[in-house]
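Report on one structure; see the data block that follows.
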There are 2 protein chains.
Amino acid sequence: MAIIRNTIAKKTVFEIIQLNKTAMSQTEIFAMVNNICDRVTVYRILERLVKEMKIHKIVNVNGVINYAPCNSCEHEQHLHHDHLHFSCTTCKKLTCIADNHIELNIPSNYQVAEVFLTVSGICPNCLIIP
Amino acid sequence: MAIIRNTIAKKTVFEIIQLNKTAMSQTEIFAMVNNICDRVTVYRILERLVKEMKIHKIVNVNGVINYAPCNSCEHEQHLHHDHLHFSCTTCKKLTCIADNHIELNIPSNYQVAEVFLTVSGICPNCLIIP
DNA sequence: TTATAAACGCAACAATGTTGCATAATTGTA
DNA sequence: TACAATTATGCAACATTGTTGCGTTTATAA
Ligand SMILES: [Zn+2]
Ligand SMILES: [Zn+2]
Ligand SMILES: [Zn+2]
Ligand SMILES: [Zn+2]
């Protein structure tokens with residue numbers, strides 16, 4: 001039984017993710033922690049926060065892993081964060097959009113675990129200022 | 001007007017992708033071309049094949065870009081290869097699954113371009129031999 | 001056959017993520 | 001409060017994936 005510690009670095013990383021309106025990459029997060037810790041530590045903190053289900057991990061369409069807080073999960077049945085993500089092709093930001101329940105049509109010999117639904121396009125911000 | 005050339009390397013790469021049952025990463029493809037060309041050339045060929053709409057590009061849940069042939073697009077209206085992809089957590093293979101038409105519920109101030117739907121879980125092969 | 005632009009090889013670089021190991025820090029308990 | 005146990009960190013080194021510049025080669029049209 002691993003004992004979870006709440007270190008300054010971990011608190012800081014979590015706060016940064018929570019306060020940001022869009023999902024963030026490790027690079028963006030590390031740029032905001034002001035050298036309170038090593039970049040490897042950020043990777044390890046993110047790993048732990050995912051395991052603790054405080055944040056979720058989403059891969060952007062370009063292959064970069066992003067992290068976002070697990071706010072929207074008020075209904076506890078949502079173990080998997082299978083809401084929709086919007087990836088802006090202009091500003092590259094990845095935004096969590098409210099749950100979209102979708103009907104899948106997968107052959108029964110596939111065992112489904114998680115659903116990743118990402119839509120690319122142009123976000124409201126980038127549409128206003130082109 | 002760019003003239004498209006059909007080189008041996010390009011033909012080989014395309015054949016490899018076509019014959020494989022699952023989507024392939026650049027690393028896997030390069031491992032199969034038997035050093036007939038440089039790895040950079042493989043990247044550039046893949047880029048061209050995507051532009052020529054002969055293959056499509058899908059990012060796996062771990063962030064690795066994969067490529068698969070555009071076979072299923074017999075109905076020409078499918079400009080975007082918005083079918084479902086299955087990502088096996090055991091063998092890491094990414095498989096194209098027949099078109100799944102889904103109803104999106106995105107705020108109207110987002111301009112949608114492409115839809116990426118990837119489901120993770122265990123594929124039939126890995127279920128049989130656990 | 002020749003000219004031209006496309007394709008290639010090579011080297012170097014960049015971004016992102018991982019691992020091993022010695023050291024530091026947190027937390028429960030005495 | 002002091003201590004022990006073990007979690008967390010820093011640092012260096014490495015791995016993987018993808019990109020760029022540039023000089024050379026090659027496919028294709030005329
Ligand atoms: Zn945007
Ligand atoms: Zn999300
Ligand atoms: Zn599998
Ligand atoms: Zn596909």
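Here the structure is a predicted model, which is why all the values come from computation and not from measurement. Proteins come first, then strands; the chains are lettered A, B, ... in the order of their sequence lines, and each starts at number 1.
- For B/Tyr43, taking side-chain heavy atoms from C-beta onward, the closest of the listed nucleotides C/dG17, C/dT19, D/dT17 is D/dT17.
- D/dT17 atom P lies 12 Å from atom CD1 of B/Ile29, rounded to whole Å.
- Atom pair B/Ile65:CD1 and C/dA15:C1' shows a separation of 13 Å (rounding to whole Å applied).
- Atom CZ of B/Arg44 is separated from atom C1' of C/dG9 by 8 Å (rounded to the nearest Å).
- No donor-acceptor pair closer than 3.5 Å links the side chain of A/Thr118 to the backbone N or O of B/Phe116.
- At the heavy-atom level, B/Leu46 lies nowhere under 4.0 Å from the strands shown.
- Among the heavy atoms of the strands lying under 4.0 Å from B/Arg48 are primed sugar atoms or P, OP1, OP2 only; no base atom is included.
- Between the P atom of D/dT26 and the NZ atom of B/Lys10 lies a distance of 18 Å, rounded to the nearest Å.
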Requested in this report: Determine, step by step, whether B/Lys10 and B/Glu52 satisfy the salt bridge (charged side-chain N to carboxylate O under 4.0 Å, His left out) criterion, reporting the C-alpha distance in whole Å, the side-chain angles of both residues, the deciding distance to 0.1 Å, and the verdict.
Outcome: CA-CA 12 Å; B/Lys10 192 181 170 190; B/Glu52 293 167 23; 2.8 Å; yes

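- Listed nucleotides D/dA13, D/dT17, C/dG9 differ in distance to B/Thr27; the shortest reach to its side chain belongs to D/dT17.
- Between the side chain of B/Ser120 and the backbone N or O of A/Glu114, at least one donor-acceptor pair lies under 3.5 Å.
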Checking A/Asn60 against A/Ser87 for the side chain to side chain donor-acceptor pair (under 3.5 Å) test, could you report, in this order, the C-alpha distance in whole Å, the side-chain angles of both residues, the deciding distance, and whether it holds? CA-CA 7 Å; A/Asn60 207 337; A/Ser87 173; 2.6 Å; yes

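- Closest approach of A/Ile65 to A/Lys57, counting heavy atoms only: CG2-CG, 3.4 Å.
- As a whole-Å value, the separation of A/Phe30 CZ from C/dG17 P is 13 Å.
- Judged by distance alone, with hydrogens and angles left aside, the side-chain atoms of A/Thr12 form a donor-acceptor pair with the main-chain N or O of A/Ile8 at under 3.5 Å.
- Of the candidate nucleotides D/dA13, D/dT19, C/dG9, D/dT19 has the atom lying nearest to any side-chain atom of B/Arg39.
- A/His85 and A/His56 have tilted rings, their planes meeting at an angle from 30° to 60° on a 0 to 90° scale.
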For nucleotides 28-30 of chain D, print each protein N/O atom paired with a nucleotide N/O atom at under 3.5 Å, atom names and distance only.
unit_1 : atom_1 : unit_2 : atom_2 : d
D/dT28 : OP1    : B/Asn6 : N      : 3.2

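- One atom, CD of A/Glu47, and another, P of C/dT19, lie 8 Å apart when rounded to the nearest Å.
- In this structure, NZ of A/Lys11 is placed 11 Å from C1' of C/dT26, rounded to the nearest angstrom.
- Within the 4.0 angstrom heavy-atom criterion, no nucleotide atom of any strand lies near B/Ile8.
- Atom CD1 of B/Ile36 and atom C1' of C/dG9 are 13 Å apart (whole Å).
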